Amino acid sequence: MPEDEKRSLNFIESIIEEDLRNGKNEGRVHTRFPPEPNGYLHIGHAKSICLNFGIAQQYAGKCNLRFDDTNPETEDTEYVESIMEDVRWLGFQWDKEPYYASDYFGQLYEWAVMLIKKGLAYVDDQPQEAISQQRGVPTRPGTESPFRNRTVEENLRLFEGMKNGEYEEGSRVLRAKIDMSSPNMHMRDPILYRILKKEHHRTGNKWVIYPMYDYAHGQSDYLEGITHSLCTLEFEVHRPLYDWFLDQIIESDYRPRQIEFARLNLSYTVMSKRKLLQLVQQGLVNGWDDPRMPTIAGMRRRGYTPASIRNFADRIGVAKRDNVIDVSLLEFSVREDLNKIAPRVMAVLDPVELVITNYPEAVTEMVSLENNPEDPEAGSREVPFSRRLYIERDDFMTDPPAKFFRLGPGREVRLKGAYIVKCESYETDADGRVSRILCTYDADTRSGTGTKQPKVKGTLHWVDAASALDAEVRLYDRLFMDEDPAGHKDRDFLEFLNPDSLKVLKGCKIEPSLSSVMPGDKFQFQRVGYFCVDPDSTPGLPVFNRTVALKDEWSKIKEKHS
RNA sequence: UGCCCGAUGGUGUAAUUGGCAACACGUCUGACUCUGGAUCAGAAAAGUCUAGGUUCGACCCCUAGUCGGGCAACCA
């Protein structure tokens with residue numbers, strides 16, 4: 001993207017620039033990324049992370065990482081660890097140490113006492129069902145709780161009792177006294193505190209009452225000096241409440257502002273934490289970091305780079321309308337980045353033997369290959385070449401059509417970095433499958449030699465049979481076969497799982513330069529795709545994950561003619 | 001029968017605030033290529049949800065609809 005041109009602003013940037021012009025909040029810009037530590041981060045969170053940290057960078061501001069840990073039932077330190085790792089991996093640095101909503105439990109409690117004293121909050125002794133029933137429905141006003149008009153003293157006493165663990169879980173709640181007939185359901189005396197006798201991952205057993213999201217979020221923003229609190233659209237109807245709580249505590253000109261944007265949807269995938277958790281728990285994928293998962297951890301393992309995800313986030317933009325981003329845009333973003341940085345190597349996924357009958361038996365010569373034609377700095381390497389090679393089974397047809405620029409009886413191709421060979425014949429096994437291709441080569445056609453080179457249509461990748469290493473390769477395809485697996489009213493998203501989302505290839509042959517790869521290493525398997533070394537690799541057997549295939553003209557041609 | 005959002009090529013996002021629709025992905029040509037990759041050149045594709053109104057002029061403002069999404073957890 002051209003940095004020099006003035007990029008048009010998205011609606012959030014416009015708001016911020018206007019706030020800046022108006023001198024709001026002393027010209028500060030301070031955002032925050034507020035995940036709940038109850039699951040792994042996914043590509044949708046990446047959008048939010050890039051937005052929040054990106055805005056802070058753009059306006060010389062700050063961005064906090066804040067764990068929104070007000071519900072001890074689902075939250076865990078395992079998740080806070082993974083979230084910190086993911087944010088860092090994406091390339092962002094939060095201001096100071098991570099913050100936790102649980103750090104504010106004391107202050108929040110005091111503010112609740114203050115609300116009670118102002119007559120703006122009360123303890124409700126009713127069971128959940130009664131409260132829920134009295135809330136009414138969106139089209140009909142609710143009715144007031146019989147406990148709504150308790151005295152301040154009684155409320156104070158009961159709330160303290162709640163805090164001291166004197167009552168059973170679920171027996172009482174603290175509610176704000178706002179308006180039971182509000183057209184906005186969230187303003188119908190929302191619950192501020194509930195009794196939860198659960199151990200919290202940070203505060204342990206200190207508290208048995210926990211604040212609700214609405215009662216904690218705006219205040220947390222306020223305490224941290226957040227100026228622009230960016231969240232997703234479903235919180236739009238919460239904003240009046242957000243502002244109501246702020247109104248009760250604000251003492252100066254500074255005021256955080258909630259702005260909502262549309263969450264990311266990606267075609268052929270699901271994005272809800274609940275559904276992702278289900279995939280993991282039912283063993284339909286191999287954990288949160290399964291390379292088919294849209295989690296940051298999964299994408300990292302798949303071979304995505306932080307830059308590719310940041311570029312993707314840039315390109316999709318930010319707006320308020322619902323959107324479904326085509327996965328091809330994500331794929332474009334990885335290819336674009338990997339094309340620049342991934343060393344090229346030769347690997348044959350589905351090998352078939354090729355013998356050069358006129359090549360001397362006992363000779364192995366080294367041929368030189370560029371590591372990355374896109375990067376002159378990347379240098380070159382030497383790869384062994386001899387009489388017996390492997391090529392890709394796909395690169396040979398016994399009766400090829402004209403458009404097939406590869407090998408077939410009587411046809412000539414270049415072996416990348418080596419010689420031009422001509423197919424003289426082939427052998428088949430008992431099943432009629434090609435088992436060996438017999439070629440002759442022209443010794444004058446060695447790559448890099450000055451002699452005039454005949455033009456051939458195709459160039460194939462290959463590996464030398466004698467020195468090739470074995471590898472396992474895992475090919476991933478989309479996890480779902482439906483564009484919007486979660487979008488069907490009466491069908492479960494699991495019905496759309498792609499049974500072929502993972503193909504494991506054994507006996508793949510790779511060039512010997514790959515003898516000591518490390519997990520996370522990324523390569524372009526020439527003419528095939530981008531691959532990343534998986535942590536499952538062992539010293540004798542590297543395992544590669546296909547990040548994304550190369551664009552493939554031939555497959556399009558093939559499809560058209562079938 | 002409520003309240004809150006939103007609507008621009010297949011997809012996403014723009015249009016410097018009222019000057020006659022641009023960029024990216026995708027698609028399709030062609031060039032180039034020792035990766036059918038990359039790169040380069042080009043094309044098709046929306047007349048901006050509908051109907052009125054204001055205006056010399058509307059994607060932009062007004063009115064009324066239509067369609068889509070969200071809101072009734074002691075979740076976030």
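Values below: every heavy atom of this structure, side chains too, minus hydrogens, waters and symmetry copies. Since we're looking at a predicted model, the values are computed, not measured. Sequence lines set the chain letters: A, B, ... in the order given, protein chains first and strands last, and positions in each chain run from 1.
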- prompt: Between A:Gly317 and A:Phe405, who's closer to the 5' end of RNA chain B by nearest nucleotide?
  reply: A:Gly317
- request: Respond yes when some side-chain nitrogen or oxygen of A:Lys457 is under 4.0 Å from OP1 or OP2 of B:U33, and no when none is.
  value: no
- prompt: Just checking, is any N or O donor in the side chain of A:Ser229 or A:Arg32 under 3.5 Å from an acceptor N or O on the other one?
  reply: yes
query: Looking at side-chain heavy atoms only, is the closest gap between A:Leu196 and A:Asn71 below 4.5 Å?
result: yes
Any A:Lys558 side-chain N or O less than 4.0 Å from OP1/OP2 of B:G36: no
- request: Just compare B:C4, B:C74, B:G36 and give me whichever is closest to any side-chain atom of A:Glu236.
  value: B:C4
- prompt: Less than 4.0 Å between a side-chain N and a carboxylate O, is that true for A:Arg66 and A:Glu224?
  reply: yes
- line: When A:Arg175, A:Lys177, A:Gln126, A:Arg135 are each screened for side-chain hydrogen bond (donor to acceptor under 3.5 Å, both in side chains) with A:Ser145, the one that passes is A:Gln126
query: Taking C-beta and beyond as the side chain, do A:Val463 and A:Leu389 meet within less than 4.5 Å on heavy atoms?
result: no
Donor-acceptor contact present, side-chain A:Ser182 to main-chain A:Asp179, <3.5 Å: no
field: B:G36 base / A:Arg406 side chain donor-acceptor hit below 3.5 Å
entry: yes
query: Which stems does RNA chain B form, counting runs of 3 or more consecutive Watson-Crick or G-U wobble pairs with both distances under 3.5 Å?
result: B:2-7 with B:66-71, B:10-13 with B:22-25, B:27-31 with B:39-43, B:49-53 with B:61-65
